[in-house]
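Proteins get letters first, then strands, A, B, ... in listed order; numbering begins at 1 in each.
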Protein chains: 2
Amino acid sequence: MPQEIGESAPEPSHRGQPNDIYRILRDRICLLHYPPGYKLAESELAEEFSVSRTPIRQALQRLEYDGLTEIRNGVGTTVRQVDRAAFDDIFALRLRLSELIGEFPAYDEVPLALATVDGLLRPAKQAKADNNKADFWRLNHQLQEATSKLIANHALRDTHERYYLQACRIWYSVIDDLFEAQSSDFIVEVTDIGRALQHGDVRAVGYIQRNHISYGMRRIVELSKRHPAPT
Amino acid sequence: MPQEIGESAPEPSHRGQPNDIYRILRDRICLLHYPPGYKLAESELAEEFSVSRTPIRQALQRLEYDGLTEIRNGVGTTVRQVDRAAFDDIFALRLRLSELIGEFPAYDEVPLALATVDGLLRPAKQAKADNNKADFWRLNHQLQEATSKLIANHALRDTHERYYLQACRIWYSVIDDLFEAQSSDFIVEVTDIGRALQHGDVRAVGYIQRNHISYGMRRIVELSKRHPAPT
DNA sequence: AAAGTTTGTGCTGTGTACAGCTCTGGACAA
DNA sequence: TTGTCCAGAGCTGTACACAGCACAAACTTT
């Protein structure tokens with residue numbers, strides 16, 4: 001049963017309801033609060049957000065279009081399992097997209113990004129020490145958000161975010177084995193990106209991100225070799 | 001008032017109604033049958049497709065999410081004008097995406113693509129001779145569809161299609177001035193891609209496409225220099 | 001005559017009822 | 001005991017009614 005994860009409260013009186021609901025649900029999926037296979041019942045969500053099924057359906061359909069959920073008639077909406085083929089495709093593309101960041105640098109955003117990234121280092125170490133996966137996801141999210149803003153090309157930025165959201169679900173099945181490695185890696189990544197930003201080198205940020213995406217991908221490949229029959 | 005454009009008839013009994021409606025409307029927008037600024041009234045469409053407003057709304061919301069339309073409360077759904085900044089971003093990204101095609105070649109699809117592309121040459125020349133813009137768009141669409149299938153990476157293919165759909169609307173405002181150049185260019189592109197496919201060189205297909213996207217982009221830039229105040 | 005206000009029209013946003021589909025569990029027959 | 005079939009529950013898909021909002025035209029006031 002999901003609990004508060006730092007999202008804005010589901011105020012019933014707010015205007016852009018469907019959009020807000022979409023974002024909240026998306027974050028829950030990507031923060032693995034709703035694990036793959038989790039069933040999202042329209043009526044339950046309608047009750048939680050104190051609206052009718054209609055705005056809920058809008059949000060769920062958008063999630064399906066994002067590739068995050070799967071809606072089957074007569075069954076319900078479930079969080080999609082990422083199959084390995086799709087996973088490989090998405091990671092391969094993310095590598096290339098990160099390499100493109102340097103082609104469209106938004107230097108205006110560097111100071112803000114630097115401040116954000118600097119603020120991530122201490123909590124990241126804390127989350128690693130505490131073995132706190134939820135916090136770790138949130139920090140990952142924040143880093144992603146900060147680097148996205150460094151992309152001046154709006155189309156690339158959208159795509160970059162889109163596939164980040166799709167990719168992060170893959171970690172659900174492997175995080176128990178890889179948390180140690182990934183959290184260490186994250187600290188290195190934050191440090192390196194901070195250094196790059198101090199130099200104002202957005203292209204470097206992209207390459208650093210590319211490398212760490214690659215490292216994560218390789219870890220997953222290694223792990224699935226050791227466990228050849230993933231449940 | 002839109003008329004048949006080769007789409008499958010709006011059979012009322014069909015199953016995946018919202019998805020079909022979405023695709024039909026999307027094609028109408030991208031084939032410029034619905035020009036930028038065109039107003040899509042839910043009730044009208046509901047009548048045309050013989051369904052209630054509900055499935056129509058689903059399709060329209062998806063179109064908005066694609067960036068093709070704009071929904072404003074109390075006003076209606078209109079086909080979005082592409083502003084130049086977004087246009088530049090999309091074209092710049094499309095150049096890079098086309099360059100990536102060769103990294104993920106789907107050689108299995110080469111024979112089918114070759115057959116399709118070969119079949120495009122004659123109608124393309126015909127459309128150019130007839131100054132038939134509608135046919136020209138359709139052929140453009142078919143070439144895009146054929147080359148998309150050459151991309152083995154599903155994520156890249158989706159993105160590639162996505163931004164093609166967004167980009168093609170820009171031609172609406174400039175096609176009268178550029179039809180001659182673009183249709184000539186298209187014939188060259190079809191010829192070159194056919195040659196590349198005969199060699200089984202998918203990477204070459206990507207580069208050819210990249211180049212012609214670039215040519216088109218430059219033509220638009222040139223044109224907007226000559227007409228510095230576009231209405 | 002001009003400016004501000006009001007009212008009317010038409011649109012989308014939301015809520016609700018019902019139809020259609022899928023799966024599950026139990027009863028019956030082999 | 002096991003396989004099969006059927007009925008019921010629960011879900012989403014659709015249709016429709018009503019509320020909220022935006023714009024425009026007409027009206028009133030100055």
- Indicate, with a heavy-atom threshold strictly under 4.0 Å, whether B:Arg53 touches base, sugar-phosphate, or nothing.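 Base contact.
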- Query: Checking all strands, does A:Leu40 fall into the base, sugar-phosphate, or nothing category for heavy-atom contacts under 4.0 angstrom?
  - Reply: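 Sugar-phosphate contact only.
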Rounded to whole angstrom units, what separation is found between the [atom1] atom of [X] and the [atom2] atom of [N]?
X: A:Glu70; N: D:dC11; atom1: CD; atom2: P; answer: 18 Å
X: A:Glu47; N: C:dT14; atom1: CD; atom2: P; answer: 19 Å
X: B:Ile71; N: C:dT14; atom1: CD1; atom2: C1'; answer: 14 Å
X: A:Ile56; N: D:dC11; atom1: CD1; atom2: P; answer: 14 Å
X: A:Asn73; N: C:dT22; atom1: CG; atom2: C1'; answer: 8 Å

- Item | Closest-nucleotide ordering on DNA chain C, the 5'-leading residue of B:Leu60 and A:Arg72 |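 Closer to the 5' end of DNA chain C: B:Leu60.
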- Item | Pairwise ring pair (Phe, Tyr, Trp, His ring centres under 6.0 Å) hits with a residue in residues 58-85 of chain A, at least two apart |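 The answer is A:Tyr65-B:Tyr65.
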- side chain to side chain contact (heavy atoms under 4.5 Å, CB included) partners of B:Thr78, counting only residues at least two apart: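 Applying side chain to side chain contact (heavy atoms under 4.5 Å, CB included) to B:Thr78 gives B:Lys39, B:Glu70.
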- Report the residues that fulfil side chain to side chain contact (heavy atoms under 4.5 Å, CB included) with B:Glu47, sequence neighbours left out, ordered by chain and then residue number.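 If we apply the side chain to side chain contact (heavy atoms under 4.5 Å, CB included) test to B:Glu47, skipping adjacent residues, there are no hits.
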- Task: Could you say whether A:Glu42 or A:Thr54 is positioned toward the 5' end of DNA chain D, judged by the nucleotide with the nearest heavy atom to each?
- Result: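 So the residue in question is A:Glu42.
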Contacts under 3.5 angstrom, residues 81-93 of chain B side chains, donor-acceptor by atom type, not counting sequence neighbours:
residue: B:Arg84; atom: NH1; partner: B:Ser224; partner atom: OG; Å: 3.1
residue: B:Arg84; atom: NH2; partner: B:Asp88; partner atom: OD1; Å: 3.3
residue: B:Asp89; atom: OD2; partner: A:His154; partner atom: N; Å: 2.8

- Task: Please test B:His33 against B:Tyr38 for side chain to side chain donor-acceptor pair (under 3.5 Å), starting from the C-alpha separation and ending with a verdict.
- Result: CA-CA 9 Å; B:His33 215 83; B:Tyr38 186 90; over 6 Å; no
- Message: Any side-chain N or O of B:Gln58 below 4.0 angstrom from OP1/OP2 of D:dT14?
- Response: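 Looking at the OP1 and OP2 atoms of D:dT14, one of them is under 4.0 Å from a side-chain N or O of B:Gln58.
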Within the sub-3.5 Å range, which N or O atoms of nucleotides 8-10 of chain D have a protein N or O partner, and how far apart are they?
residue: D:dG10; atom: N2; partner: A:Gly74; partner atom: O; Å: 3.3

In residues 165-172 of chain B, what donor-acceptor pairs under 3.5 Å come from side-chain atoms, sequence neighbours left out?
residue: B:Gln166; atom: NE2; partner: B:Asp66; partner atom: O; Å: 2.6
residue: B:Arg169; atom: NH1; partner: B:Arg80; partner atom: O; Å: 2.6

